[in-house]
Amino acid sequence: MRRRPLIQPRQKVKFFCFFLACIFMVLTIVGTGHLRSILGSLAVTRVSNLVNRIVSEAVSDAVESGEIQYNDLISLEKNNNGGVAALVSNMAEFNRLQSSITQDILERLDEVADINLQIPVGTLSGSAFLAGRGPAFSVRMQSTGSCSARFDNEFSHAGINQTTHRILLCVDISMSILLPGFRTGTEVSNSFSVAETVIVGEVPGTYTYFDSGNNVQEDAYEYAINNG
């Protein structure tokens, strides 16, 4: 009596096809996971660099065109002795510049809302040896963002009885990035010095500078003895 084989050839083919399908599914899942991570990192980096460049160009154009002038933003009020008594802000001009610069940045962002990312196939393997190798495929990325601009003040000493007043433009941008199958986002903040002046007051009659390495009490006592 002839014994039938335990596994028929047709069953072997089915088992082999099932095995290949499992391997393909595993590779697909791994590749998709790497693709999502790589796409997210690449998209955030690309958008951040792009936003930084756009904001820098927009602010530079506004400064170079003469649109931002210190005297248009700040008025100096002086006392009877000719010294600076107060700084008065021109809020209407501040608001106009905020609106103008914000609108300019948003228009520039709209021009680059769609970007194609190139991903080499070898990068999806997760292997450092294969990273950047193989043919590249293109993935379309869409981005949209919101922008807010505000002005701030900074005061710093510029010498004896001199103070540097800087007007800073702070730009905050929040970007939403749409990629195939998921979305991500990033926030970019920049601060620029757009105008400044040096405020000079009356020269003080006495100027004492303690920097001998001793403690303050010893320096003050020595100064009092030497100067009566």
Novice: Could you report the tightest heavy-atom contact between Ala62 and Ser65, atom names first, then the distance?
Specialist: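 For Ala62 versus Ser65, the nearest heavy atoms are O-OG, 3.0 Å.
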Novice: Any side-chain heavy atom of Ile177 sitting closer than 4.5 Å to one from Phe182?
Specialist: no
Novice: CG of Leu106 to CD1 of Ile101: how many Å apart, nearest 0.5 Å?
Specialist: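 If we round to the nearest 0.5 Å, Leu106:CG and Ile101:CD1 are 12.0 Å apart.
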Novice: Going by salt bridge (charged side-chain N to carboxylate O under 4.0 Å, His left out), name the residues that satisfy it together with Asp172, two or more places apart in sequence or in a different chain.
Specialist: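 Applying salt bridge (charged side-chain N to carboxylate O under 4.0 Å, His left out) to Asp172 gives Arg150.
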Novice: Distance check, rounded to the nearest 0.5 Å: Ser189 atom OG versus Ile173 atom CD1?
Specialist: 8.5 Å
Novice: May I have all residue pairs that pass side chain to side chain donor-acceptor pair (under 3.5 Å) and include part of residues 84-94, sequence neighbours excluded?
Specialist: Glu93-Arg96
Novice: What's the spacing between Glu57 CD and Glu64 CD if we round to 0.5 Å?
Specialist: 10.5 Å
Novice: Which atom names give the shortest non-hydrogen contact between Cys147 and Thr102, and what distance separates them?
Specialist: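 That would be O-CG2, 3.6 Å.
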Novice: Report the residues that fulfil ring-ring contact (aromatic ring centres under 6.0 Å, His included) with Phe192, sequence neighbours left out, ordered by chain and then residue number.
Specialist: none
Novice: Can you list every salt bridge (charged side-chain N to carboxylate O under 4.0 Å, His left out) pair that touches residues 188-198, not counting sequence neighbours?
Specialist: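 Non-adjacent pairs meeting salt bridge (charged side-chain N to carboxylate O under 4.0 Å, His left out): Arg166-Glu196.
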Novice: Can you check whether Asn95 reaches Ser99 side chain to side chain, under 4.5 Å on heavy atoms?
Specialist: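 They are not in contact (no side-chain heavy atoms under 4.5 Å apart), so the answer is no.
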Novice: Does a side-chain heavy-atom distance below 4.5 Å link Asn153 with Leu168?
Specialist: no
Novice: Are Val188 and Leu178 joined in one hydrophobic group, where the rule is that I, L, V, M, F, W and Y side chains link up if heavy atoms are under 4.5 Å apart?
Specialist: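 Shared cluster, no.
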Novice: Kindly give the heavy-atom pair with the smallest separation between Ala58 and Asp104, and that separation in Å.
Specialist: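 Minimum heavy-atom contact is CB-OD2, 3.7 Å.
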Novice: If you define the side chain from C-beta out and look only at heavy atoms, does anything of Thr144 sit under 4.5 Å from Met175?
Specialist: no
Novice: Any idea which heavy atoms bring Phe94 and Ile167 closest together, and the distance?
Specialist: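 Residues Phe94 and Ile167, closest heavy atoms: CE2-CG2, 4.1 Å.
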Novice: Compare all side-chain heavy atoms of Ile54 with those of Val112 and state whether any distance is below 4.5 angstrom.
Specialist: yes
Novice: Shortest non-hydrogen contact from Cys170 to Asp152?
Specialist: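 What the structure gives for the nearest pair is SG-CB, 4.3 Å.
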Novice: Should the ring pair Tyr70 and His165 be called parallel, tilted or perpendicular, given that the plane angle runs from 0 to 90° and is split at 30 and 60?
Specialist: perpendicular
Novice: Find the distance between CG (Leu42) and CD1 (Ile115) and round it off to the nearest 0.5 Å.
Specialist: 10.0 Å
Novice: Would you mind reporting whether Asn116 and Met141 have side-chain heavy atoms less than 4.5 Å apart?
Specialist: no
Novice: Between OG of Ser156 and CD of Glu154, what distance do you get to the nearest 0.5 Å?
Specialist: 5.5 Å
Novice: Val88 and Ile74: side-chain contact (heavy atoms from CB on, under 4.5 Å), yes or no, with the steps?
Specialist: CA-CA 6 Å; Val88 180; Ile74 300 294; over 6 Å; no
Novice: Considering residues at least two apart in sequence or located in another chain, which fulfil the salt bridge (charged side-chain N to carboxylate O under 4.0 Å, His left out) criterion with Glu187?
Specialist: none
Novice: Does Leu97 reach the side chain of Ile68, with side-chain heavy atoms less than 4.5 Å apart?
Specialist: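 A side-chain contact exists here, since the closest heavy-atom pair is under 4.5 Å.
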Novice: Same cluster or not: Val63 versus Val55, using hydrophobic residues (I, L, V, M, F, W, Y) connected whenever any side-chain heavy atoms lie under 4.5 Å apart?
Specialist: yes
Novice: Considering residues at least two apart in sequence or located in another chain, which fulfil the salt bridge (charged side-chain N to carboxylate O under 4.0 Å, His left out) criterion with Asp61?
Specialist: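 Expected list: Arg108.
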